[in-house]
Amino acid sequence: MTEQDKKLQLSLLLLRLGVFLVMFMWTIDKFINPGHAAKVYAAFYHLAGLEAAVMYILGAVEMVILLLFLAGYKKTFTYGSVLVLHGVSTLSSYKQYLAPFDGPNLLFFAAWPMLAACFALFLLRDRDRLLSVG
């Protein structure tokens with residue numbers, strides 16, 4: 001393995017770990033504070049009235065996908081799922097991008113570099129082999 005390949009491997013691993021950390025925290029929110037997660041779904045996805053049980057199920061499905069993503073397993077499915085999940089989340093926040101200096105809206109712009117990281121990981125999934133079981 002060349003020095004350049006080692007650098008790429010490390011970079012992709014760090015991207016995978018970083019994306020996992022953010023998505024993991026959003027997923028944990030569904031278990032720790034399902035009421036908050038339900039408010040997020042109502043506000044951004046127009047899915048009002050979701051009960052805690054639904055949040056637990058969504059959280060469990062997301063957690064499985066995220067753990068497989070972290071492990072680098074079934075990369076087309078898991079990396080693609082993470083890309084789609086984060087892409088929907090990013091695009092559903094369009095109102096915040098239209099008023100960036102109102103309240104905490106400026107923080108929503110952090111979603112774009114993460115979306116780029118998800119996209120890069122998906123495109124380079126075959127090269128992401130460091131600490132990967134897939």
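Just so it is clear, the structure is predicted and the values come from calculations on it, not from any experiment.
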| note | Output for pair (Leu12 CG, Leu124 CG), nearest 0.5 Å, gives 5.5 Å
| Check: Glu51 and Met55 side chains under 4.5 Å, non-hydrogen atoms | no
| Under a 4.5 Å cut-off applied to non-hydrogen side-chain atoms, are Phe122 and Val82 in contact? | no
| task | List the steps and the verdict of side-chain contact (heavy atoms from CB on, under 4.5 Å) for Met23 and Glu62. | result | CA-CA 9 Å; Met23 299 286 291; Glu62 280 182 24; 5.7 Å; no
| task | With rounding to the nearest 0.5 Å, note down the distance linking NZ in Lys39 to CG in Leu50. | result | 13.5 Å
| task | Taking all heavy atoms of Ala71 and all of Arg16, pick out the closest pair and write down the distance. | result | C-NH1, 4.0 Å
| task | For atom OH of Tyr73, decide whether the heavy atoms of other residues, nucleotides or ligands shown that lie under 6.0 angstrom number more than 12. | result | no
| said: Under 4.5 Å between side-chain heavy atoms, counting indirect links through other Ile/Leu/Val/Met/Phe/Trp/Tyr residues: same cluster for Met1 and Leu10 or not? | reply: no
| query | Is there a side-chain contact between Lys30 and His36, using heavy atoms and a 4.5 Å cut-off? | reply | no
| said: On a heavy-atom basis, which atom in Gln96 and which in Asn105 lie closest, and how many Å separate them? | reply: CG-OD1, 3.3 Å
| said: Nearest 0.5 angstrom please: Leu83 CG to Leu121 CG, how far? | reply: 9.5 Å
| If you draw a 6.0 Å radius around CZ in Phe119, do more than 12 non-hydrogen atoms from other residues or ligands fall strictly inside? | no
| Co-membership, hydrophobic cluster, residues Val133 and Leu14, 4.5 Å side-chain | no
| remark: Heavy atoms of Tyr56 and Pro34 approach each other most closely as OH-CG, 3.7 Å
| Same apolar cluster: Leu115 and Leu107, side chain cutoff 4.5 Å | no
| Going only through I, L, V, M, F, W and Y residues with side-chain contacts under 4.5 Å, is there a path from Phe77 to Leu70? | yes
| Can the ring centres of Trp26 and His86 be said to be less than 6.0 Å apart? | yes
| request: Determine, step by step, whether Leu67 and Phe24 satisfy the side-chain contact (heavy atoms from CB on, under 4.5 Å) criterion, reporting the C-alpha distance in whole Å, the side-chain angles of both residues, the deciding distance to 0.1 Å, and the verdict. | output: CA-CA 9 Å; Leu67 291 172; Phe24 177 77; 5.6 Å; no
| remark: For Met63 and Ile28 the tightest heavy-atom approach is CE-CD1, 3.7 Å
| Going from CG on Leu13 to CG on Leu131, what distance comes out if it is rounded to the nearest 0.5 angstrom? | 5.0 Å
| From CZ (Phe69) to CG (Leu17), nearest 0.5 Å | 8.5 Å
| message | Parallel, tilted or perpendicular: which one describes the rings of Phe108 and Tyr97, with boundaries at 30° and 60°? | response | perpendicular
| request: Determine, using the 4.5 Å side-chain heavy-atom cutoff (strictly less than), whether Met114 and Leu123 are members of one ILVMFWY cluster. | output: yes
| request: Work out which heavy atom in Cys118 is nearest to a heavy atom in Val19; give both atom names and the distance. | output: SG-CG1, 3.7 Å
| message | On a heavy-atom basis, which atom in Ser92 and which in Phe44 lie closest, and how many Å separate them? | response | CB-O, 3.4 Å
| Got a second to check how far Arg127's CZ is from Lys75's NZ, nearest 0.5 Å? | 11.0 Å
